[in-house]
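The block underneath contains the structure these notes are about, expressed in structure tokens.
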Number of protein chains: 2
Amino acid sequence: MTDKETSSLPSRHEERLGLLLWFRLSRFYNQSLRRSNAHLKEWGVTITQFDVLVQIGTHEPLTQNELAEKLFVTKGNMTQVLGRMEELGWVHRDQEWRKKVLTLTGSGWELFNLIVTRQEQFQASQFQGLNKEEQKQLLDLLRKLQQYNEHMEG
Amino acid sequence: MTDKETSSLPSRHEERLGLLLWFRLSRFYNQSLRRSNAHLKEWGVTITQFDVLVQIGTHEPLTQNELAEKLFVTKGNMTQVLGRMEELGWVHRDQEWRKKVLTLTGSGWELFNLIVTRQEQFQASQFQGLNKEEQKQLLDLLRKLQQYNEHMEG
DNA sequence: CCTTATCAGTTTATATCTAAACTGATAAAA
DNA sequence: TTTTATCAGTTTAGATATAAACTGATAAGG
């Protein structure tokens with residue numbers, strides 16, 4: 001009985017497990033989302049905007065499509081979120097050929113430097129229920145899931 | 001060096017880990033959400049409605065507030081989702097004192113019986129990247145997080 | 001050169017979710 | 001009894017997300 005075998009054809013029990021995992025995951029995620037937004041409210045930023053800020057700040061210059069891929073969301077969603085962030089003066093969109101290249105503005109970088117460390121600390125506190133070893137385990141499991149799913153999509 | 005000690009004061013490295021965990025989690029969650037909705041579309045049901053259907057079907061009778069607590073969402077959200085589901089004829093809301101008691105209608109139960117097993121199978125397939133042992137591990141870690149967070153909220 | 005395909009981003013309609021203010025009914029306290 | 005508090009649910013405005021149809025520009029093929 002290899003690992004491959006146990007994971008190739010899900011048993012009735014594993015099916016239940018899948019549903020349980022989904023419920024747990026979605027509850028924890030929603031809770032975490034709510035808390036993160038409450039935490040970031042002090043700086044007038046949402047968790048979505050924070051995620052975008054980090055991605056652009058870390059990888060700029062990048063296009064809207066690349067950003068959407070990194071965040072696993074649709075490009076339509078990015079159009080909306082970036083529209084708001086441009087309005088707020090954090091992000092600059094520069095048309096190049098048929099792409100739009102994203103960079104942070106001065107005030108975007110200011111915000112980045114102001115909140116990234118704080119949000120890192122906050123996010124760490126959300127996972128305090130696990131010790132370092134368990135946190136690594138969780139990251140590992142999520143990585144495996146991601147890899148498998150990417151493989152599935154082709 | 002006890003577990004308690006390792007988890008009481010997050011190191012710089014653990015802070016980064018927190019952010020990484022958040023990113024992984026939110027990406028996997030969003031992807032999973034999208035796929036589930038695509039899968040359920042065949043029956044004209046969304047994943048939110050499915051979650052509500054399962055909770056009522058499993059725990060009826062229960063009130064809107066109890067439902068919101070089980071799903072970790074706000075009661076305002078439930079008002080909206082249940083309004084739609086009542087309109088679709090799946091759920092019955094019965095005012096009792098100041099509470100509204102929820103039960104599934106006949107067609108709600110029909111839907112329940114039609115899709116729960118199918119969605120269980122689908123959900124299981126989303127976690128195929130992990131073998132049974134790893135799936136249990138993941139469930140365990142999520143449980144721990146939940147417990148710690150509930151403890152935090154008082 | 002002209003036509004067709006593809007690609008990046010936008011738009012629209014719809015669903016989900018929140019926070020915060022509100023309604024109305026019951027319960028508790030005066 | 002009258003007032004006040006609490007509780008369950010609703011409403012509203014706003015953010016986030018999707019799918020699907022669309023626009024307009026570039027690239028490829030005839």
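So you know, we letter chains A, B, ... as the sequences are listed, proteins then strands, and number each from 1. Nothing here was measured: the structure is a model prediction, and the numbers come from that model. The analysis underlying the following values was restricted to heavy atoms, covering all of them including side chains, and did not include hydrogens, waters or symmetry mates.
- Note: NZ (B:Lys100) to C1' (C:dT26) measures 16 Å, nearest angstrom.
- Residues passing the side chain to side chain contact (heavy atoms under 4.5 Å, CB included) test with A:Glu96 are A:Asp94, A:Val101, sequence neighbours excluded.
- Taking atom CH2 of B:Trp97 as the reference point, atom P of C:dA27 lies 6 Å away to the nearest angstrom.
- By the side chain to side chain contact (heavy atoms under 4.5 Å, CB included) test, B:Asp140 pairs with B:Arg143, sequence neighbours left out.
- In this structure B:Thr105 satisfies the side chain to side chain contact (heavy atoms under 4.5 Å, CB included) test together with B:His92, B:Ser107, sequence neighbours excluded.
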Scoring nucleotides 11-16 of chain D by protein non-hydrogen atoms under 4.0 Å (B base, S sugar-phosphate only, - none) yields B---SS
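- Separation of atoms CD (A:Glu86) and CZ (A:Arg93) is listed at 4.5 Å; rounding is to 0.5 Å.
- Ring pair A:Tyr29/A:Trp22: centre-to-centre distance not below 6.0 Å.
- One atom, CD of B:Glu96, and another, C1' of C:dT26, lie 15 Å apart when rounded to the nearest Å.
- With hydrogens and angles left out, the side-chain atoms of A:Gln146 and B:Gln31 include a donor and acceptor closer than 3.5 Å.
- A:Arg34 has its CZ atom 17 Å from the P atom of C:dT16, to the nearest Å.
- Atom CG in A:Leu145 sits 4.5 Å away from atom CZ in B:Phe28 (nearest 0.5 Å).
- Of the listed nucleotides (D:dA19, D:dA8, C:dT18), D:dA19 has the atom at the smallest distance from the side chain of A:Thr74.
- At C:dT10, one or more side-chain N or O atoms of A:Arg93 fall inside 4.0 Å of OP1 or OP2 (strictly under the cut-off).
- At the heavy-atom level, B:Tyr29 lies nowhere under 4.0 Å from the strands shown.
- Considering only residues two or more places apart in sequence or on other chains, B:Asn37 meets the side chain to side chain contact (heavy atoms under 4.5 Å, CB included) condition with B:Leu33, B:Thr46, B:Ile47.
- In the region residues 56-67 of chain B, proximity to DNA chain D at under 4.0 angstrom, judged on heavy atoms, holds for B:Thr63, B:Gln64, B:Asn65.
- Look at NZ on B:Lys41: it is 11 Å from C1' on C:dT14, rounded to the nearest Å.
- Within the model, atoms CG of B:Leu88 and CZ of B:Arg84 stand 4.0 Å from one another, a figure rounded to the nearest 0.5 Å.
- Residue A:Arg98 contributes atom CZ, which lies 10 Å from atom P of C:dG9 at whole-angstrom precision.
- Protein atom CG of B:Leu71 is 15 Å distant from nucleotide atom C1' of C:dT18, rounded to whole Å.
- For the pair A:Asn30 and A:Val101, both in contact range of DNA chain C, the more 5′-proximal nearest nucleotide belongs to A:Val101.
- Taking atom CG of B:Leu33 as the reference point, atom P of C:dT14 lies 20 Å away to the nearest angstrom.
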